Amino acid sequence: DVKVTQSSRYLVKRTGEKVFLECVQDMDHENMFWYRQDPGLGLRLIYFSYDVKMKEKGDIPEGYSVSREKKERFSLILESASTNQTSMYLCASSTSGGPPYEQYFGPGTRLTVT
Amino acid sequence: RKEVEQDPGPFNVPEGATVAFNCTYSNSASQSFFWYRQDCRKEPKLLMSVYSSGNEDGRFTAQLNRASQYISLLIRDSKLSDSATYLCVVIGGGNYGGSQGNLIFGKGTKLSVKP
């Protein structure tokens with residue numbers, strides 16, 4: 001069974017704090033993704049990585065950075081948290097090289113920035 | 001035009017009803033299509049892939065119409081447990097190409113099945 005885990009289910013941070021969200025997958029997947037999900041806006045891609053130390057910007061990378069030092073781990077960093085980054089953050093992973101392209105999601109981290 | 005569009009609903013239907021969702025996509029070069037299901041406060045999970053002319057899995061049927069650039073999901077004999085948000089997902093419709101399996105998600109259609 002594919003498993004994607006995220007470090008926290010709920011997180012409350014103050015404006016200006018540096019925030020780390022960790023994601024780990026156990027299926028040796030090449031691709032990993034970070035999304036945020038907001039009511040009425042759906043899932044939006046922040047960053048993705050298709051290999052260790054590789055990263056690509058998604059639709060909304062501003063205010064975020066990522067790190068992928070090991071294949072199984074993909075971290076999302078909020079350099080200076082702001083209230084508009086209050087959201088549900090979802091990590092996903094998938095294999096590369098062709099179909100089926102299914103992405104497996106972690107349970108999500110609900111981040112509140114006050 | 002948005003890349004992947006869905007009717008947000010909610011669709012409120014009685015148990016046993018047949019319900020259909022539609023989704024349109026803007027990039028005619030899109031190659032792969034999916035329906036994901038997301039339960040309240042849970043992560044999205046793959047429900048069905050739609051690769052060619054569509055496919056069926058039990059009570060669920062997905063259809064693809066490339067000429068009109070839409071896909072549909074039909075649920076027959078609805079169960080209470082079908083209540084969820086259904087996300088239409090497309091590959092190859094975004095800015096990143098399809099080679100890395102980047103998915104473009106619709107905003108979802110909410111289904112509520114009532115007793």
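So you know, we letter chains A, B, ... as the sequences are listed, proteins then strands, and number each from 1. Since we're looking at a predicted model, the values are computed, not measured.
A single hydrophobic cluster is not seen to contain both A/Tyr35 and A/Val24; linkage of ILVMFWY side chains at heavy-atom distances under 4.5 Å, directly or through other members, places them apart. Both B/Leu64 and B/Tyr86 sit in one connected hydrophobic cluster of ILVMFWY residues. Membership requires side-chain heavy atoms under 4.5 Å apart, directly or through other members. Linking ILVMFWY side-chain heavy atoms closer than 4.5 Å, directly or via other members, places A/Tyr10 and A/Tyr89 in two distinct hydrophobic clusters. Residues B/Val19 and B/Leu73 fall within the same hydrophobic cluster, defined by Ile, Leu, Val, Met, Phe, Trp and Tyr side chains chained together at heavy-atom separations under 4.5 Å. Linking Ile, Leu, Val, Met, Phe, Trp and Tyr whenever their side-chain heavy atoms come within less than 4.5 Å puts A/Ile60 and A/Val19 in one cluster.
Applying the 6.0 Å contact sphere to OH of B/Tyr70 captures no more than 12 heavy atoms from other residues, nucleotides or ligands. With a 6.0 Å radius and a threshold of 12 heavy atoms from other residues, nucleotides or ligands, B/Lys45 has its NZ atom at or below the threshold.
One distance of note links CD1 of B/Ile104 with CG of A/Asp59; it measures 6.5 Å at 0.5 Å rounding. Atom CG of B/Leu103 and atom CG of A/Leu45 lie 9.0 Å apart (nearest 0.5 Å). Taking CZ from B/Phe105 and CD from A/Gln103, the interatomic distance works out to 5.0 Å, rounded to the nearest 0.5 Å.
In this structure the side chain of B/Pro44 reaches within 4.5 angstrom of the side chain of A/Leu90, judged on heavy atoms. Side chains of A/Gln37 and B/Gln38 form a contact here, defined as non-hydrogen atoms less than 4.5 Å apart. The shortest distance between side-chain heavy atoms of B/Tyr36 and A/Glu102 falls below 4.5 Å.
Formation of a donor-acceptor pair under 3.5 Å by the A/Tyr104 side chain with backbone atoms of B/Leu46 is not found in this model.
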Problem set entry | side-chain contact (heavy atoms from CB on, under 4.5 Å) assessment of B/Arg41 paired with A/Met88 | CA-CA 9 Å; B/Arg41 298 187 179 278; A/Met88 169 67 86; 5.9 Å; no
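Residue A/Arg44: no heavy atom, backbone or side chain, is found under 4.5 Å from chain B.
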